[in-house]
Amino acid sequence: MTLDTFLSPFVNECITSCFQVDNKEPVVLQATRKEFEGSHTLVVFPFTKFSKKSPEETGKIIGEYLINHTSIIANYNVIKGFLNLTLKDNYWQEFLETVVSDSNFGRQPDNGLTVMVEYSSPNTNKPLHLGHLRNNFLGYAVAQILEANGYAVIKANLINDRGIHICKSMLAYTKYGNNETPESANMKGDHLVGKYYVIFDKALKEKASELRELGWNDEEIEKNNPLLQEAQDLLRRWEANDPEVLSLWNKMNSWVYAGFEKTYKRMGVKFDKYYYESDTYLLGKGIVEEGVAKGVFYHKEDNSVWIDLAPEGLDQKLVLRADGTSVYITQDMGTADLKYQEFGIDKSVYVVGNEQDYHFVVLKNIMKRLDRVYAEGIYHLSYGMVDLPSGKMKSREGTVVDADDLMQEVVNEVAAYSKESGKLDDFEENDLNNLFETLGIGALKYYLLKVDPKKRMLFNPQESIDLQGNTGPYIQYTHARIKSVLRKAEQLNLDFLTNSNSVLLEDSEKDVIVWLSNFESTIKQAADEYAPSLVANYVYELAKLFNTFYNELSVLKETDTSKMKLRLQLCLATAKVIKSAMLLLGIDVPERM
RNA sequence: GACUUUGUAGCUCAGUUGGAUAGAGCAACUGCCUUCUAAGCAGUAGGCCAUUGGUUCGAAUCCAAUCAGAGUCACCA
């Protein structure tokens with residue numbers, strides 16, 4: 001239980017008995033500023049309307065009441081309407097022992113709800129890039145955070161394995177591929193297929209300039225470029241189940257999947273359920289019929305089907321073309337139903353870039369109009385694009401930061417940094433490589449996750465990812481450092497899990513313990529707001545507070561046994577919380593580094 | 001043009017259910033390794049919280065307008 005929920009009823013009781021007014025609002029405490037005595041602060045201004053007294057007097061009355069009616073408050077002071085509470089050291093000492101003994105500290109029990117988090121959702125015509133890294137890390141972290149808050153979570157990946165873009169790669173491969181394979185080219189399959197996507201675009205542009213010289217205007221070129229028509233023809237043949245086309249499609253997709261699998265493995269993300277658009281792209285037509293029957297959708301003169309979302313403040317939206325074929329939203333309607341039918345999900349999170357904000361508002365509103373029970377649980381986790389200094393990344397033009405390359409670069413950078421410092425010389429080769437991997441991928445994940453997802457971010461490939469300060473490795477280092485102390489304590493056979501004597505807490509000790517007590521509410525809030533960045537900021541602050549303590553006070557050289565025990569508990573608790581917070585972000589922490 | 005979103009230190013970002021003197025990291029500068037791991041710690045310097053107005057005991061936070069960047073706007077996914 002958090003301190004807010006513990007103290008709320010007492011504060012409200014106090015208001016009832018002292019001022020004869022009922023306050024139903026739960027009370028929110030905030031952290032006390034460093035320059036004042038105390039750890040938690042209650043802002044008393046809102047209560048002055050009940051007390052009809054000055055803020056100072058009101059604060060005193062509440063402070064007095066809390067001292068007399070709870071057993072955990074040691075002292076209080078009131079400054080300018082801020083009631084600062086000092087809790088008894090006993091309280092913190094007991095709290096610390098619960099953190100040490102509770103293996104689920106910070107997590108919530110099962111809440112009986114199921115949520116699906118759909119993320120990654122790649123196209124199979126090109127390898128993953130930096131933007132996908134943000135998407136994957138976010139999706140995975142949000143899934144972990146929801147799970148920690150009691151949800152049953154299904155991680156889903158909807159693979160966009162069909163469409164004109166794949167046909168472009170296929171066409172270029174047919175024309176210029178010479179039966180190249182990932183083995184013969186010594187390339188990951190996704191990179192090989194991506195190579196032909198770029199080749200197609202180049203050929204298309206060359207063709208366009210040829211045609212321009214022949215006197216075609218831009219519009220004609222756009223419409224009638226023979227290469228584009230060939231690709232469209234390929235798509236038609238695919239839809240008609242042409243065996244030759246299907247076989248090439250299967251072959252190239254299998255290359256891509258083999259490549260993706262490696263990339264996902266290195267990223268450390270997983271999926272419980274794969275959906276393939278080639279299976280789902282015809283879904284949703286039944287829903288269109290249903291919608292027409294219910295009068296939610298209507299036909300236009302050309303027989304296309306629409307919904308009018310004007311009452312919701314939106315526009316009219318096409319849901320089925322005049323020729324009866326689906327559009328994007330038709331498929332998404334179908335897939336939404338499918339997900340619900342298969343898993344009975346209560347919530348559905350879509351991790352998709354912010355250029356699709358409008359699409360998801362429309363989707364949610366349509367499903368509401370169709371009276372879907374799950375409609376209210378649809379949530380679009382919208383995130384900003386990652387830009388390069390040169391502007392937007394474009395796969396077609398090959399101006400992307402490739403995910404595989406970037407991960408390798410960061411790992412290399414970690415290795416170089418580490419060799420310079422020379423302190424890992426006693427590591428085995430294999431362990432060393434694993435460590436570099438943990439640190440490098442950790443640095444990258446933390447870098448992308450510490451920022452609010454809504455914000456677009458700029459990534460400069462020329463400037464390497466930092467390894468000091470507010471970074472993954474800083475937090476990982478703090479963990480390794482604590483583990484080192486704990487290993488030494490183990491060698492000395494120190495038994496510190498319980499401590500019978502009360503200890504007077506030093507400021508730097510108390511700061512860490514107080515911050516540990518915020519872990520639970522942080523994960524709760526992170527789940528409510530789908531915001532891994534809150535967890536990242538929390539764990540960074542924890543590491544900082546711990547490092548301050550570490551530099552100020554010695555653990556193993558402390559001669560007072562009770563104090564030493566307490567500090568060892570503090571170490572153990574902090575290591576546990578760092579590890580568990582980092583795992584929520586999908587980041588591993590090393591035992592040594 | 002309409003709607004959505006972002007704007008905080010040189011750079012990257014916290015802080016936004018209204019609360020005390022706006023916080024970190026990087027970069028710069030000073031110190032601290034014979035002491036449990038210096039990927040660390042302590043410190044200096046750096047701010048018209050885009051602008052203007054409003055709401056109130058109190059505004060980076062809420063409201064309105066303006067400026068700047070980004071995105072979307074109906075048959076591409």
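Note that these values count all heavy atoms, side chains included, but never hydrogens, waters or copies made by symmetry. In what follows, chains are A, B, ... by sequence order, proteins preceding strands, each numbered from 1.
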J.: Pick the nucleotide of RNA chain B nearest each of A/Asp357 and A/Glu35; which residue has the one closer to the 5' end?
T.: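 Nearest nucleotide further toward 5': that of A/Asp357.
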J.: Using atom C1' of each nucleotide, how far apart are B/G69 and B/C76 to the nearest Å?
T.: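 Result for the C1' pair: 26 Å, nearest Å.
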J.: Take atom C1' in B/A28 and the same atom in B/A9, then report the distance between them in whole Å.
T.: 13 Å
J.: Across all strands, who's sitting opposite B/G40 as a Watson-Crick or G-U wobble pair, both distances under 3.5 Å?
T.: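 B/G40 is paired with B/C32.
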J.: Choosing from B/C36, B/G40, B/A39, which nucleotide comes nearest the side chain of A/Val414?
T.: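 That would be B/A39.
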J.: Pairing donors with acceptors under 3.5 angstrom, does anything connect the side chains of A/Asp466 and A/Thr471?
T.: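 The criterion, which ignores hydrogens and geometry beyond distance, is not satisfied for A/Thr471 and A/Asp466.
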J.: Of the candidate nucleotides B/A74, B/C36, B/U5, which contains the atom at the shortest distance from the side chain of A/Gln316?
T.: B/A74
J.: Return the stacking result for B/G19 and A/Phe45: yes when the ring centres lie under 5.5 Å apart and the planes under 30°, no otherwise.
T.: yes
J.: In whole Å, measure the gap between the C1' atoms of B/G18 and B/G58 for me.
T.: 8 Å
J.: Could you verify whether a donor N or O on one side chain and an acceptor N or O on the other, from A/Asp332 and A/Tyr350, lie under 3.5 Å apart?
T.: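 No, no side-chain donor-acceptor pair sits under 3.5 Å.
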J.: Considering every strand and a 4.0 Å limit on heavy-atom distances, what is the contact class for A/Ile329: base, sugar-phosphate, or nothing?
T.: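 No contact at all - A/Ile329 keeps every heavy atom at 4.0 Å or more from the nucleic acid.
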J.: On RNA chain B, does the nearest nucleotide to A/Phe36 precede the nearest nucleotide to A/Lys544 from the 5' side, or the other way round? Give the residue.
T.: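 The residue mapped nearer the 5' terminus is A/Phe36.
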J.: Give none if B/A45 has no partner; otherwise give the nucleotide forming a Watson-Crick or G-U wobble pair with it, both distances under 3.5 Å.
T.: none
J.: Can you check the distance between B/U34 and B/U16, where both ends of the measurement are the C1' atom (answer in whole Å)?
T.: 50 Å
J.: Which nucleotide in the set B/A20, B/A39, B/A74 lies at the smallest distance from any side-chain heavy atom of A/Trp306?
T.: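 Within the option list, the nearest is B/A74.
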J.: On the nucleotide B/A39, are OP1 or OP2 found under 4.0 Å from the side-chain N or O atoms that A/Lys419 carries?
T.: no
J.: Taking 4.0 Å as the cut-off, does a side-chain nitrogen or oxygen of A/Lys488 come that near to OP1 or OP2 on B/U37?
T.: yes
J.: Measure the acute angle between the ring planes of A/Tyr281 and A/Trp238, then classify it against the limits of 30° and 60° as parallel, tilted or perpendicular.
T.: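 Rings of A/Tyr281 and A/Trp238: tilted, as their planes differ by 30° to 60°.
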J.: Indicate, yes or no, whether a donor-acceptor pair under 3.5 Å links the base of B/A38 to the side chain of A/Asn547.
T.: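 Such a pair does not exist between side chain and base.
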J.: In terms of base orientation, is B/C33 syn or anti, with the syn window spanning 90° either side of 0?
T.: syn
J.: Once you apply the 3.5 Å cut-off to both distances, tell me the Watson-Crick or G-U wobble partner of B/A22, or none.
T.: none
J.: Looking for any heavy atom pair under 4.0 Å, which part of the strands does A/Asn123 touch: base, sugar-phosphate only, or nothing?
T.: nothing
J.: Base, sugar-phosphate, or nothing for A/Ala480, non-hydrogen atoms under 4.0 angstrom?
T.: base
J.: Parallel, tilted or perpendicular: which fits the ring planes of A/Tyr276 and A/Tyr274, with parallel below 30° and perpendicular above 60°?
T.: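 Parallel, since the angle between the ring planes stays under 30°.
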J.: Expressed as a whole number of Å, how far does the P atom of B/G71 sit from that of B/A64?
T.: 25 Å
J.: If the cut-off is 4.0 Å, is A/Arg487 near the phosphate of B/C36, judged by side-chain N/O to OP1 or OP2?
T.: no
J.: Could you identify the nucleotide paired to B/U17, looking across every strand shown and requiring Watson-Crick or G-U wobble geometry with both distances under 3.5 Å?
T.: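 Answer to the pairing question: none, since B/U17 forms no Watson-Crick or G-U pair.
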J.: Applying the ring pair (Phe, Tyr, Trp, His ring centres under 6.0 Å) criterion to A/Tyr474, which one of A/Tyr540, A/Tyr447, A/Tyr446 satisfies it?
T.: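 Checked A/Tyr540, A/Tyr447, A/Tyr446 against A/Tyr474; only one passes ring pair (Phe, Tyr, Trp, His ring centres under 6.0 Å): A/Tyr540.
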J.: A/Thr548 has a side chain; which of B/A74, B/C41, B/U21 sits nearest to it?
T.: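 Looking only at heavy atoms from C-beta outward on A/Thr548, the closest nucleotide is B/C41.
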J.: If you check the A/Thr32 side chain, which of B/A20, B/G40, B/U37 turns out closest?
T.: B/A20
J.: In whole Å, measure the gap between the P atoms of B/U8 and B/A14 for me.
T.: 10 Å
J.: With heavy atoms under 4.0 Å as the rule, sort A/Val555 into base, sugar-phosphate or nothing.
T.: base
J.: Please determine, for B/G53, whether a Watson-Crick or G-U wobble partner exists with both distances under 3.5 Å, and give it or none.
T.: B/C63
J.: Which part of the nucleic acid, if any, lies within contact of A/Met457, taking any heavy atom under 4.0 Å across all strands shown: a base, the sugar-phosphate backbone alone, or nothing?
T.: sugar-phosphate
J.: Of the nucleotides B/G71, B/C26, B/A77, which has the atom closest to the A/Glu355 side chain?
T.: B/G71
J.: What does A/Tyr474 touch in the nucleic acid at a heavy-atom separation under 4.0 angstrom: a base, only the sugar-phosphate, or nothing?
T.: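 Sugar-phosphate, no base atom in range.
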J.: For the side chain of A/Thr41 and the base of B/A20, is some donor closer than 3.5 Å to an acceptor across the two?
T.: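 Answer is yes: a donor-acceptor pair is held.
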J.: Determine the contact category for A/Asp315: base if any of its heavy atoms lies under 4.0 Å from a base atom, sugar-phosphate if only primed atoms, P, OP1 or OP2 are that close, otherwise nothing.
T.: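 Base, at least one base heavy atom under 4.0 Å.
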J.: Using distance alone, with no hydrogens and no angle criterion, decide if A/Tyr538 and A/Gln525 have a side-chain donor and acceptor under 3.5 Å apart.
T.: no
J.: So if I take every side-chain heavy atom of A/Tyr477 and compare against B/U21, B/C36, B/A39, which nucleotide ends up nearest?
T.: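 Per side-chain heavy atoms of A/Tyr477, the pick is B/A39.
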J.: Testing A/Leu338, A/Asn157, A/Ile159, A/Asp161 one by one against A/Tyr275 for a side-chain contact (heavy atoms from CB on, under 4.5 Å), which residue passes?
T.: A/Leu338
J.: If only atom types and distance count, is the side chain of A/Ser8 paired as donor or acceptor with the main-chain N or O of A/Val27 below 3.5 Å?
T.: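 Present.
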J.: From the set B/A14, B/G19, B/U37, return the single nucleotide nearest to any side-chain atom of A/Val485.
T.: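 Minimum distance to the A/Val485 side chain belongs to B/U37.
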J.: If I pick the P atom on B/A60 and the same atom on B/U52, what distance separates them, to the nearest angstrom?
T.: 13 Å
J.: Within the pair A/Arg33 and B/G23, is there a side-chain N or O less than 4.0 Å away from OP1 or OP2?
T.: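 A/Arg33 to B/G23 OP1/OP2: side-chain N or O found under 4.0 Å.
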J.: Could you state the atom-to-atom distance from CZ of A/Phe82 to P of B/C57 in whole Å?
T.: 15 Å
J.: Does B/U72 have a Watson-Crick or wobble partner in any strand here, with both distances under 3.5 angstrom, and which is it?
T.: B/A2
J.: Just call it for A/Ser304: base, sugar-phosphate, or nothing, with non-hydrogen atoms closer than 4.0 Å on any strand.
T.: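 The answer is nothing, as A/Ser304 stays clear of every strand by at least 4.0 Å.
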J.: Is any side-chain nitrogen or oxygen of A/Lys455 closer than 4.0 Å to OP1 or OP2 of B/A14?
T.: yes
J.: Please tell me which of the listed nucleotides, B/A14, B/U37, B/A77, lies nearest to the side chain of A/Gln331?
T.: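 Closest of the options to the side chain of A/Gln331: B/A77.
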J.: Between A/Ser418 and A/Val414, is there a donor-acceptor pair closer than 3.5 Å when you use the side chain of the first and the backbone of the second?
T.: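 Checked: no pair found.
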J.: Could you check whether A/Glu277 gets within reach of a base, just the sugar-phosphate, or nothing at all, counting any heavy atom under 4.0 Å?
T.: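 Answer is sugar-phosphate: A/Glu277 comes under 4.0 Å of backbone atoms only.
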J.: Could you state the CZ-P distance from A/Phe360 to B/A74, rounded to the nearest angstrom?
T.: 18 Å
J.: For A/Leu553, answer base if it contacts any base atom (sugar-phosphate contacts may also be present), sugar-phosphate if it contacts only those atoms, and nothing otherwise; contact means non-hydrogen atoms under 4.0 Å.
T.: base
J.: How close or far is atom P of B/G40 from atom CD of A/Glu552, stated in whole angstroms?
T.: 18 Å
J.: Specify the separation, in whole Å, of atom CD of A/Gln30 and atom P of B/A20.
T.: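 After rounding, the gap between these two atoms is 7 Å.
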J.: Categorize A/Tyr447 for me: base, sugar-phosphate, or nothing, with a 4.0 angstrom heavy-atom threshold over every strand shown.
T.: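 Here A/Tyr447 touches no strand at all.
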J.: Within a radius of less than 6.0 Å around CD of A/Gln30, do more than 12 heavy atoms belonging to other residues, nucleotides or ligands occur?
T.: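 Above 12, so yes.
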J.: Please report the distance separating the P of B/U6 from the corresponding atom of B/U61, rounded so that it comes out in whole Å.
T.: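 Here B/U6 and B/U61 have their P atoms 14 Å from each other.
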J.: With heavy atoms under 4.0 Å as the rule, sort A/Asp308 into base, sugar-phosphate or nothing.
T.: nothing
J.: Just checking A/Tyr358: base, sugar-phosphate only, or nothing, at a heavy-atom cut-off of under 4.0 Å?
T.: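 Sugar-phosphate only.
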